[in-house]
Amino acid sequence: MKQTALIALLTLVMSSPAFASGKAPEKTHGLSAVALEAHELAAQIPVMSNYQLRARRVTFEPGGATSLHSHAMRPGIVYVERGEIVEIRSGEKRTFKAGETWNETADTEHWVKNASDQPAVLIIIDLPKS
């Protein structure tokens, strides 16, 4: 009986969002970004005044991570060009490998980390305020 209770408790703890995802770092670290292209959208789409369409190549060194952040005002699409990256969103941990993508919508609040021993390279296209 005690063994069953212990197994049930361990299963509950190990499946909890806090255990599965770890804690988001206070500061973003171990990243470098290279601008690929960016342009202001106002001339093409007047309602998009003060926004730009931007593409970046972001490299996460092993152990590199972002802090918890929101995309409420900055939607985007992420493509994993090389390596493997872990995204933690709403307590759910997802791993993406080279060739895979994910969306960052207005309701996205997440953090991202490179849990591997190799650099991970992402192509990020988003709509930040300029």
**Asked** How many angstroms lie between CG in D126 and CD in Q52, if you round to the nearest 0.5 Å?
**Response**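 Between D126 CG and Q52 CD, I get 8.0 Å after rounding to 0.5 Å.
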
**Asked** Got a second to check how far H39's NE2 is from Y51's OH, nearest 0.5 Å?
**Response**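 Rounded to the nearest 0.5 Å, the NE2-OH separation comes out at 15.5 Å.
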
For the backbone of [Y] and the side chain of [X], can you confirm whether one donor and one acceptor N or O come within less than 3.5 Å of each other?
X: T28; Y: S67; value: yes
X: S116; Y: Q118; value: yes
X: H29; Y: G63; value: yes
X: S130; Y: N50; value: yes
X: Q44; Y: L41; value: no
X: N103; Y: T105; value: no

**Item:** Sidechain N-carboxylate O distance under 4.0 Å for E37, R54
**Value:** no

**Exceeds 12 heavy-atom contacts within 6.0 angstrom, atom CD1 of I77** = no

**Asked** Any link between I123 and V34 through a network of hydrophobic side chains (Ile, Leu, Val, Met, Phe, Trp, Tyr) touching at under 4.5 Å?
**Response** no

**Asked** So do N114 and E61 actually touch side chain to side chain, heavy atoms under 4.5 Å?
**Response** no

Closest heavy-atom pair and its distance - [X], [Y]:
X: L36; Y: R56; value: CD1-C, 3.9 Å
X: A120; Y: E84; value: CB-O, 3.4 Å
X: A115; Y: V86; value: CB-CG2, 4.2 Å

**Item:** Members besides F60 in its Ile/Leu/Val/Met/Phe/Trp/Tyr cluster (side-chain heavy atoms under 4.5 Å)
**Value:**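 Members besides F60, by chain and number: L31, V58, V78, V80, I85, F96, W102, V112, L122, I124.
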
**Request:** Using distance alone, with no hydrogens and no angle criterion, decide if E109 and S70 have a side-chain donor and acceptor under 3.5 Å apart.
**Result:** no

**Asked** Testing H110, E100, E87 for side chain to side chain donor-acceptor pair (under 3.5 Å) with R94, which one passes?
**Response**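 The passing option is E87.
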
**Qualifying residues under salt bridge (Lys or Arg N to Asp or Glu O under 4.0 Å), relative to R82, sequence neighbours excluded** =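 Salt bridge (Lys or Arg N to Asp or Glu O under 4.0 Å) list for R82, sorted by chain: empty.
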
**Message:** Pair K129, R74 - check side-chain contact (heavy atoms from CB on, under 4.5 Å), show working.
**Reply:** CA-CA 7 Å; K129 281 198 164 209; R74 186 173 47 95; over 6 Å; no

